[in-house]
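Just so you know, these numbers come straight off a predicted model, no measurement behind them.
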Amino acid sequence: MKTYRTGFLLAVVGNIVLAVVLVGLWFHYRTSKPMADAETTKANSTAQDSMASSMATPPPSAEAPLVPVQISPQRLQSIGVKTGEVERKLVEDEIHATGNVGVDETRLSTVQVRYSGYIQKVFADATYQYLRKGQPLFTIYSPDLVATEREYLVARKNQQRVAQSTVPGVTEGAASLLEAASERLKQWGVSQREIERLESTGQVQKELEVESPVSGYITERNALPNLTVQPETRLYSVADLSTVWVLAEVFQNDLGRIKVGDRATLTVDSYPGSVFEGRVNFIYPQVDMMTRTARARLIFSNSGLKLSPGMFVNITLKVSLGKQLVIPATGVLQSGTRQIVFVSRGDGYIEPREVQLGSRAGDDFIVLKGVKAGEEIVTSANFLIDSESQLQAALGSFVPPPPGAGAAGAINAPQAKAELTTDPSPPHKGANTLRVRLADASGGPISGAEVSVTFSMPAMPAMGMAAMRTQVPLTEKGNGLYEGSGQLGSGGTWQVTILAKKNGQVVASKQLSANATGGM
């Protein structure tokens with residue numbers, strides 16, 4: 001009994017302790033949650049403020065800085081540098097477009113009759129049959145026309161009968177009736193030849209022959225035997241194809257450069273080597289929202305009838321842009337957000353310059369700002385010069401010559417001599433030992449200098465290779481000799497820059513090329 005009472009008391013005490021612990025945990029959770037929420041809110045606010053600040057502050061420009069460079073004539077020749085002149089000249093550009101041949105609507109005719117009737121025989125019975133003016137098309141029977149012809153014959157006989165009458169007004173009345181009947185026949189489109197036949201024979205012809213009023217090709221035919229015809233019935237459409245329209249699709253950004261009267265040429269795959277000459281006749285004032293093109297209507301002579309309606313053709317528009325300042329297109333280096341040209345000032349002194357370009361005209365660019373007429377710009381090996389300029393800007397080794405460049409720049413250049421040797425020689429892909437011997441103009445060794453050798457190779461996108469650059473600082477070994485080790489990531493031709501500074505001043509700067517062995 002005593003054991004049972006002791007166990008009961010222990011159980012009650014344990015439950016009380018557990019209840020106290022649970023209440024304490026619950027109270028701690030309720031008091032700590034608002035503080036945690038406040039800290040979370042503050043952290044999120046800080047992160048948002050930081051993000052907003054980073055978005056408001058524009059990122060630094062990714063464009064690498066460029067500086068002028070001085071390159072020896074031998075090296076300019078070895079890398080294939082060529083120059084072209086900035087000049088002002090008359091510029092003519094070409095705009096290429098495609099289009100379709102259509103019928104010249106000003107040379108399109110319709111054949112109708114001006115009375116009701118019934119077609120009997122049809123002579124022009126095929127679409128795209130060629131018609132000559134006056135050629136018979138069909139015969140038609142018209143009760144109204146037959147009645148008018150009879151009135152005409154009666155009026156003519158009456159005129160002849162009363163021609164000798166002395167009664168006032170009789171002769172004039174008969175002549176007036178004959179003239180009215182003749183005029184009605186002419187208004188209905190009866191030919192003069194049919195009227196002359198009617199006068200000569202004195203017989204009414206029930207089937208009247210209708211002739212073509214124009215020459216051309218039948219593009220639409222509705223005339224059929226036994227067809228009932230009304231004045232509004234269109235029997236034939238005849239097109240004169242000696243000239244045709246061509247509807248060209250011109251891109252929206254080219255619309256401002258073309259105008260009515262501009263010359264154009266046309267080629268078609270059906271006739272290789274044949275070129276057709278024409279002109280712009282009209283520019284439609286609407287742009288297609290899907291293709292962003294507008295139609296320009298051109299007129300071409302088609303004397304040989306080689307151009308058929310519906311044909312797909314290639315068009316070249318000749319656009320005159322007047323007298324403009326132009327530079328060779330090969331002289332422009334597109335760096336992403338800038339257009340750069342390298343101006344040659346003579347004796348290997350090359351200055352990078354940002355330009356503002358207009359439209360391209362053939363092999364030239366129209367330049368709006370940045371260069372002047374008569375200046376020389378580099379037109380080949382631009383990317384090599386760009387790499388050299390970026391390298392010099394990164395090293396800070398360029399000492400600009402005074403105005404006039406050329407020989408004056410060479411006189412003021414650092415006079416120390418730097419000679420590079422490698423172990424192995426020539427260098428190879430992988431580890432190499434580099435040695436530079438530094439001497440002044442009299443041949444004495446230069447000590448206490450900071451010497452570095454930089455190997456750079458421009459990117460080769462065609463081979464999937466990015467630009468490579470290796471800078472090796474050298475340690476002084478005494479007697480003007482500096483040595484260090486560096487890794488080359490590839491074989492091939494490397495551009496090498498030796499830079500030596502002493503007391504913060506450049507004492508030697510030399511550029512050369514080195515052919516490293518080993519694979520790419």
Checking side-chain contact (heavy atoms from CB on, under 4.5 Å) for the pair Leu185/Leu198: CA distance, chi angles, key distance, verdict? CA-CA 11 Å; Leu185 290 174; Leu198 188 63; 4.3 Å; yes
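- Rounding to the nearest 0.5 Å places OG1 of Thr265 at 6.5 Å from CD of Glu277.
- Looking only at atom types and distance, the side chain of Thr106 has a donor-acceptor partner in the side chain of Asp104 under 3.5 Å away.
- With contacts defined as side-chain heavy-atom distances shorter than 4.5 Å, the pair Val103/Val244 does not qualify.
- Minimum interatomic distance between Gly80 and Ala381 (heavy atoms only, all atoms of both residues): O-CB, 4.2 Å.
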Please step through side-chain contact (heavy atoms from CB on, under 4.5 Å) for the pair Glu149 and Glu194, ending with a clear verdict. CA-CA 10 Å; Glu149 286 186 344; Glu194 176 63 20; 3.6 Å; yes
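- By the side-chain contact (heavy atoms from CB on, under 4.5 Å) test, Ser109 is found to be paired with Val214, residues two or more places apart in sequence or in another chain being considered.
- In the displayed structure, Tyr284 atom OH is contacted under 6.0 Å by more than 12 heavy atoms of other residues, nucleotides or ligands.
- Contact of the Tyr349 side chain with the Ile71 side chain is not registered, since no non-hydrogen atoms from C-beta on lie closer than 4.5 Å.
- Partners of Thr148 under the side chain to side chain donor-acceptor pair (under 3.5 Å) rule, at least two apart in sequence or in another chain, do not exist in this structure.
- In this structure, Thr83 contributes its side chain and Glu376 its backbone to no donor-acceptor pair below 3.5 Å.
- A salt bridge links Arg184 with Glu151: the closest approach of a Lys/Arg side-chain nitrogen to an acidic carboxylate oxygen falls below 4.0 angstrom.
- Counting only N and O atoms by type, the side chains of Gln205 and Arg197 include a donor and acceptor under 3.5 Å apart.
- Counting non-hydrogen atoms of neighbouring residues, nucleotides and ligands closer than 6.0 angstrom, the CZ atom of Arg353 exceeds 12 such neighbours.
- Using a distance-only test at 3.5 Å, with no hydrogens or angles considered, no donor-acceptor pair links the side chain of Arg338 to the main chain of Ile340.
- Of all heavy-atom pairs between Lys259 and Ile283, the closest is CA-CD1, 4.1 Å.
- Among residue pairs with one or both ends in residues 242-256, those qualifying as salt bridge (charged side-chain N to carboxylate O under 4.0 Å, His left out) are Asp254-Arg257; sequence neighbours excluded.
- Classification of Arg193 and Glu209 as a salt-bridged pair holds, one side-chain N sitting under 4.0 Å from a carboxylate O.
- With rounding to the nearest 0.5 Å, the separation of CG in Leu235 from CG in Leu227 is 7.0 Å.
- The number of heavy atoms from other shown groups lying within 6.0 Å of CD (Gln77) does not exceed 12.
- Heavy-atom neighbours of Asp269 CG from other residues, nucleotides or ligands within 6.0 Å: at or below the threshold of 12.
- One N or O on the side chain of Glu375 and one on the backbone of Lys372 form a donor-acceptor pair closer than 3.5 Å.
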Using the rule given for side-chain contact (heavy atoms from CB on, under 4.5 Å), can you reason through Ile350 versus Leu76, listing the C-alpha separation, both sets of side-chain angles and the distance that settles it, and then say yes or no? CA-CA 11 Å; Ile350 298 176; Leu76 289 176; 3.9 Å; yes
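- A side-chain donor from one of Ser237 and Glu220 sits under 3.5 Å from a side-chain acceptor of the other.
- Classification of the Trp494-Phe455 ring pair by plane angle, with boundaries at 30° and 60°, yields perpendicular.
- Separation of atoms OG (Ser456) and CE (Met468) is listed at 10.0 Å; rounding is to 0.5 Å.
- Counting only heavy atoms from C-beta outward, the side chains of Val190 and Ile195 approach each other to under 4.5 Å.
- Smallest separation of non-hydrogen atoms from Phe276 and Ser301: CD2-O, 4.5 Å.
- A heavy-atom distance below 4.5 Å is found between the side chains of Met311 and Ser270.
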Derivation of the side-chain contact (heavy atoms from CB on, under 4.5 Å) call for Thr98 and Ile315: CA-CA 6 Å; Thr98 58; Ile315 303 157; over 6 Å; no
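- At a threshold of 4.5 Å between non-hydrogen side-chain atoms, the residues Ser182 and Tyr152 count as touching.
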Distance-only donor-acceptor hits, side chain of residues 118-134, under 3.5 Å, sequence neighbours excluded:
| from | atom 1 | to | atom 2 | distance (Å) |
| --- | --- | --- | --- | --- |
| Gln120 | NE2 | Tyr118 | O | 3.2 |
| Gln129 | OE1 | Asp125 | N | 3.4 |

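- Scanning both residues, Ser215 and Asp240, for their nearest heavy atoms gives O-CB, 4.1 Å.
- For Arg114 and Trp188, the positive end is not near the middle of the six-membered ring at less than 6.0 Å and at most 45° from its axis.
- Looking only at side-chain heavy atoms (C-beta outward), Val86 and Val326 stay at 4.5 Å or farther from each other.
- With hydrogens and angles ignored, the 3.5 Å screen pairs a side-chain donor or acceptor of Ser380 with a backbone N or O of Lys82.
- Side-chain atoms of Asn302 come within 3.5 Å of backbone atoms of Leu241 as a donor-acceptor pair (strictly under, hydrogens ignored).
- Taking CZ of Arg469 as the reference point, atom OG1 of Thr454 lies at 5.0 Å (rounded to 0.5 Å).
- Put simply, CG on Asn281 and CG on Leu298 are 8.0 Å apart, with the number rounded to the nearest 0.5 Å.
- Residue-environment remark: CD (Gln230) exceeds the threshold of 12 foreign heavy atoms within 6.0 Å.
- With salt bridges taken as basic N to acidic carboxylate O contacts below 4.0 Å, one links Lys89 and Asp364.
- Considering CG of Leu321 and CG of Leu90, their distance stands at 10.0 Å, rounded to 0.5 Å.
- Two residues are said to be in side-chain contact when any heavy atoms from C-beta on lie closer than 4.5 Å; Ile140 and Phe138 meet this criterion.
- In this structure, the side chain of Gln112 engages the main chain of Glu232 through a donor-acceptor pair within 3.5 Å.
- The closest donor-acceptor contact from the side chain of Thr233 to the backbone of Val229 lies at 3.5 Å or more, if one exists at all.
- Residues Gln339 and Gln334 are in side-chain contact: their nearest non-hydrogen atoms beyond the backbone lie under 4.5 Å apart.
- Evaluation of the side-chain hydrogen bond (donor to acceptor under 3.5 Å, both in side chains) test over residues 307-329, restricted to residues two or more places apart or in two chains, returns Glu94-Lys318, His96-Thr316.
- For Asn222 (side chain) and Arg234 (main-chain N/O), a donor-acceptor pair under 3.5 Å exists by modelled atom type.
- What you find for Val238 and Val111 is that their closest heavy atoms are CG2-CG2, 4.3 Å.
- No donor-acceptor pair under 3.5 Å is formed between the side chain of Arg297 and the backbone N or O of Val246.
- Judged by distance alone, the side chains of Thr293 and Thr291 do bring a donor and an acceptor atom under 3.5 Å apart.
- Scanning both residues, Ala264 and Leu317, for their nearest heavy atoms gives CB-CD2, 3.7 Å.
- Listed by first and then second residue, the salt bridge (charged side-chain N to carboxylate O under 4.0 Å, His left out) pairs that reach into residues 67-78 are Arg75-Glu388, sequence neighbours excluded.
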